[in-house]
Amino acid sequence: MTALNPITDAFVEKLTALLPKEVFRDLEPRYLEENRGRFTGSGGILLAPRTTNEVATIVKAAFDAKVGIVPYGGGTGLVGGQISADGPTRVILSLERMTAIRSIHPFENVLVVEAGAILADVQQAATNIDRLFPLSLAAEGSARIGGILSTNAGGVNVLRYGNARDLCLGLEVVTPSGDIWNGLTRLRKNNTGYDLRNLMIGAEGTLGIITAAALKLHPIPATTGTAVMAVRDPQAALELLSMANDVVAGGVSAFELMHKQGFEFLFETMPQVRLPFEDMPEWMVLIEVGLPQGLDPATCLENLFVTAHEAGLVSDGHIAQNQAQATDFWTVRESIPEANRHIGSVSSHDISVPLEALPEFITRGTAAISNLGPFRVNCFGHVGDGNLHFNVFPPKGRDKAEFTNQRDAIKSTVHDLTDELGGSVSAEHGIGRLKVGDLQRYSDPTKLAMLRAIKTALDPTGIMNPGAVLPERD
């Protein structure tokens, strides 16, 4: 692997001769800014191809010139994977013009879409044929399918439907040499060699550029129900989850844990959000179930509450009586990240641990943070799949900038505990550039050697999203 070259006039002239002029776009500030301000891009040129062949042309030219490429989807990533922060100037390759729904296969429960399709539009395309594309994120109005697959995004429905990789049957990918791999199969059984699809999913654009995907759809549940319940503590939440799975036999779509600190942030920064309890509990869960025809979700949730109350797991609860009330419950959960941004975290963490270790992680993690200073911890997340957002904030009335010098200590404290308990320091946001050091620190040498071997084999010149996931090599 050799050092990459900066963009030259000759390189731009070559692309100009090969591509339509509308592919060349002005490099607006949004392409160089990361959501939380941790990274600022170093510039280059912005190209927005409309076809897979145009993507291949760009990549082939970059391969020949040894110029780095940074793929750009919706720009919603939280680990800097879409931002080239240093090094020689690079091509920022945006998929935002590749938005087509290529084909629809209702009887197969498959939708074939281009990588620039916005998640909300894909959800609507599925709804139009009476199907469900269940992946749901707070950023679904701007996140794009290519980026979602490249980071193997999760969201609130992982418990029932899985991560992004579980919802993808096939891919079309432009390789680092500029070739096109047509792996856009709709097959559900295909054991012909290595699983290249799963190699590309979660690779964050470091092994190739996803240009299209065959996505797996599901039936829309005949009836749905939503409830919020005040739980005794995180251990009670786990026991309630197990009980819910027994009561509705696989019908639990989402199971979200929220702490009182998040409600206080909402009250402080977004008072328009209606909170479900007058006296907010220390811990609360949001449960959504989707059931087949003939089953009443309200009855199932009522039975769950009664059983859980008798067992001492829950003390209060509300079952949504209509869609508006269900929306209000979900608004609370979906507004917490926005309230967090208004407060301003010192250090945010997207971690996962085995389900049985969740209560221990929360107890020990909160205590360890309190030993570092008078911080506030907002712990919330998709407890059904072990994914917590464990975020640390300054004391009330203080600014996060006062505590920047403690960020590394806080992160190490949280991540060391996560690793000790057999967890992952990146549950659903990826490695990007933010967590490259964490991947090196918490991975065993054999894993790192395998990752490096794959990267070297598929991207020998290192042009694909250089500096993301793995450190650049000279």
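Quick note: residue numbers are just sequence positions, from 1. Hydrogens, waters and symmetry mates are skipped; everything else that's a heavy atom, side chains included, is used.
Within the 4.5 Å cutoff, side-chain heavy atoms of Leu241 are placed close to those of Leu159. Within the 4.5 Å cutoff, no side-chain heavy atoms of Arg341 are placed close to those of Thr269. With a 4.5 Å cut-off on side-chain heavy atoms, Leu4 and Pro466 count as touching. Residues Phe24 and Leu47 have side chains in contact (heavy-atom distance under 4.5 Å, counting atoms from C-beta outward). At least one side-chain heavy atom of Thr418 sits under 4.5 Å from a side-chain heavy atom of Val353. Taking 4.5 Å as the limit, some side-chain heavy atom of Val414 sits within range of a side-chain heavy atom of Ile369. Side-chain contact check for Leu207 versus Met464: every heavy-atom pair is 4.5 Å or farther apart. Counting only heavy atoms from C-beta outward, the side chains of Thr206 and Asp459 never approach each other to under 4.5 Å.
Salt bridge annotation for Arg30-Glu33: absent, with no cationic side-chain nitrogen under 4.0 angstrom from a carboxylate oxygen. Looking at Arg364 and Glu420, a side-chain N of the basic residue comes within less than 4.0 Å of a carboxylate O on the acidic one, giving a salt bridge. Looking at Glu204 and Lys435, no side-chain N of the basic residue comes within less than 4.0 Å of a carboxylate O on the acidic one, giving no salt bridge. Between Lys14 and Asp64 there is a salt bridge, since at least one side-chain N of the basic residue sits less than 4.0 Å from a carboxylate O of the acidic one.
Not a single donor-acceptor pair under 3.5 Å links the side chain of Thr363 to the backbone N or O of Glu360. Proximity of a side-chain donor or acceptor of Glu54 to a complementary backbone N or O of Arg50 within less than 3.5 Å is detected. Remark: the backbone N or O of Ala48 is paired with a side-chain donor or acceptor of Arg97 at under 3.5 angstrom. Side chain of Gln440 to main chain of Gly437: no donor-acceptor pair is present (N/O by atom type, distance under 3.5 Å, no hydrogens or angles). Looking only at distances, no side-chain donor or acceptor of Glu108 sits under 3.5 Å from a matching main-chain atom of Arg186. Under the 3.5 Å distance criterion, the side-chain polar atoms of Glu114 are matched with a main-chain donor or acceptor of Ala100. Listed for the Asp195 side chain is no donor-acceptor partner under 3.5 Å among the backbone atoms of Leu199. Arg131 contributes no side-chain N or O that, together with a main-chain N or O of Asn109, makes up a donor-acceptor pair within less than 3.5 Å. Side chain of Arg165 to main chain of Asn198: a donor-acceptor pair is present (N/O by atom type, distance under 3.5 Å, no hydrogens or angles). The closest donor-acceptor contact from the side chain of Lys216 to the backbone of Asp166 lies under 3.5 Å.
Under the rule for a salt bridge (charged side-chain N to carboxylate O under 4.0 Å, His left out), Asp179 has no partner lying at least two apart in sequence or in another chain. Every side chain to side chain donor-acceptor pair (under 3.5 Å) that Ser347 has, sequence neighbours left out, goes to His349. Remark: Glu268 pairs with no residue by the side chain to side chain donor-acceptor pair (under 3.5 Å) rule, at least two apart or across chains. In terms of the side chain to side chain contact (heavy atoms under 4.5 Å, CB included) criterion, residue partners of Thr224 (sequence neighbours excluded) are, by chain and number, Pro221.
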Applying side-chain contact (heavy atoms from CB on, under 4.5 Å) to Phe265 and Ile336, what does each step give before you reach the verdict? CA-CA 8 Å; Phe265 284 171; Ile336 288 175; over 6 Å; no

Test log, rule side-chain contact (heavy atoms from CB on, under 4.5 Å), inputs Val174 and Lys60: CA-CA 9 Å; Val174 174; Lys60 179 63 168 62; over 6 Å; no

Candidate pair Arg433 and Glu472, rule salt bridge (charged side-chain N to carboxylate O under 4.0 Å, His left out), full reasoning: CA-CA 11 Å; Arg433 290 170 175 79; Glu472 289 188 70; over 6 Å; no

Carefully, step by step, assess Leu167 and Leu215 under the rule side-chain contact (heavy atoms from CB on, under 4.5 Å). CA-CA 6 Å; Leu167 297 169; Leu215 301 176; 5.6 Å; no

Step by step, would you call Val346 with Lys400 a side-chain contact (heavy atoms from CB on, under 4.5 Å)? CA-CA 5 Å; Val346 178; Lys400 66 178 182 180; 4.2 Å; yes

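Atom CG of Asp26 sits in a sparse spot, with 12 or fewer heavy atoms from other residues, nucleotides or ligands closer than 6.0 Å. The number of heavy-atom neighbours closer than 6.0 Å to CD of Glu338, taken from other residues, nucleotides and ligands shown, is above 12. Atom CG of Asp9 is surrounded by 12 or fewer heavy atoms from other residues, nucleotides or ligands within 6.0 Å.
When all heavy atoms of Thr211 and Glu172 are compared, the closest pair comes out as OG1-OE1, 2.7 Å. Taking each heavy atom of Val59 and Gly178 in turn, the nearest pair found is CG1-N, 3.7 Å. Considering every non-hydrogen atom in both Pro176 and Leu458, the closest pair reads CG-O, 3.1 Å. The minimum heavy-atom distance between Ile101 and Ala125, with the atom names listed, is CD1-CB, 4.2 Å. Across Leu421 and Pro354, no two heavy atoms sit closer than the pair O-CD, 3.4 Å. The shortest non-hydrogen separation linking Phe403 to Pro394 is CE1-CB, 3.6 Å.
Taken from OG1 in Thr456 to CG in Leu451, the straight-line distance is 10.5 Å, to the nearest 0.5 Å. Here the CG-OG1 distance, from Leu217 to Thr127, works out to 9.5 Å after rounding to the nearest 0.5 Å. Atom CG of Leu434 is separated from atom CG of Leu439 by 12.0 Å, given to the nearest 0.5 angstrom. With rounding to the nearest 0.5 Å, the separation of CD1 in Ile118 from CD in Glu96 is 9.0 Å. A distance of 8.5 Å separates CG in Leu238 from CG in Leu257, rounded to the nearest 0.5 Å. A distance of 8.0 Å separates CG in Leu417 from CD1 in Ile351, rounded to the nearest 0.5 Å.
Residue pairs satisfying the side-chain hydrogen bond (donor to acceptor under 3.5 Å, both in side chains) criterion with at least one member in residues 371-387, sequence neighbours excluded, are listed as follows: Glu256-His382, Asn340-Asn378, Asp350-Asn387, His382-Glu428. The side-chain hydrogen bond (donor to acceptor under 3.5 Å, both in side chains) analysis of residues 142-163, with sequence neighbours excluded, yields the pairs Arg160-Ser253.
In summary, the aromatic rings of Phe380 and His259 are positioned with their centroids too far apart to meet the 6.0 Å limit.
If you check the side chains of Asn465 and Arg90, you find no donor sitting under 3.5 Å from an acceptor.
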